[in-house]
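Some notes on the structure that comes next.
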Amino acid sequence: MDDLLLALTVPTVVVVSGVFTVCDCRRRRRRPPSPYTRRAARLASRDVLLSAEAVVDGAYAALGSLYPGPASRQPVRPAPVVSGGAGASRGHGRSWRAPARRP
């Protein structure tokens with residue numbers, strides 16, 4: 001009996017969440033939120049962003065000494081130059097394979 005109840009809980013949760021989503025969408029279409037609610041949401045998101053910036057700045061102040069500064073970075077190797085080999089095709093037609101090179 002316990003296995004049957006456990007097996008039926010997953011489809012039940014899926015169906016109930018789908019019904020809830022449909023009802024919520026229909027309710028939002030009938031009564032859209034007021035502009036004050038949207039403004040409050042924007043202000044709340046800005047507050048969350050500011051608090052996240054404060055957390056990141058605090059973490060950088062505490063742990064910034066573990067990372068090297070921009071002046072101590074290693075120079076990046078230049079990208080290899082790619083040029084057309086002797087076996088490369090010149091026109092818009094079919095491309096031929098380049099001859100194999102051994103290192």
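Below, all heavy atoms of this structure are taken into account, side chains as well, without hydrogens, waters or symmetry copies. Keep in mind that what you see is a predicted model, and the values were worked out from it rather than measured.
Take Arg28 and apply the side chain to side chain contact (heavy atoms under 4.5 Å, CB included) test, not counting sequence neighbours, and it matches Asp24.
Heavy-atom contacts from other residues, nucleotides or ligands closer than 6.0 Å to CZ of Arg27 number more than 12.
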**OP:** Would you sort out whether Glu53 and Val56 count as a side-chain contact (heavy atoms from CB on, under 4.5 Å), showing the intermediate values?
**Re:** CA-CA 5 Å; Glu53 286 178 356; Val56 169; 5.7 Å; no

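The nearest pair of heavy atoms linking Thr21 to Ser17 is OG1-O, 2.8 Å.
Residue Val16 is tested with Val14, Thr12, Val13, Val19 for a side-chain contact (heavy atoms from CB on, under 4.5 Å); the sole match is Thr12.
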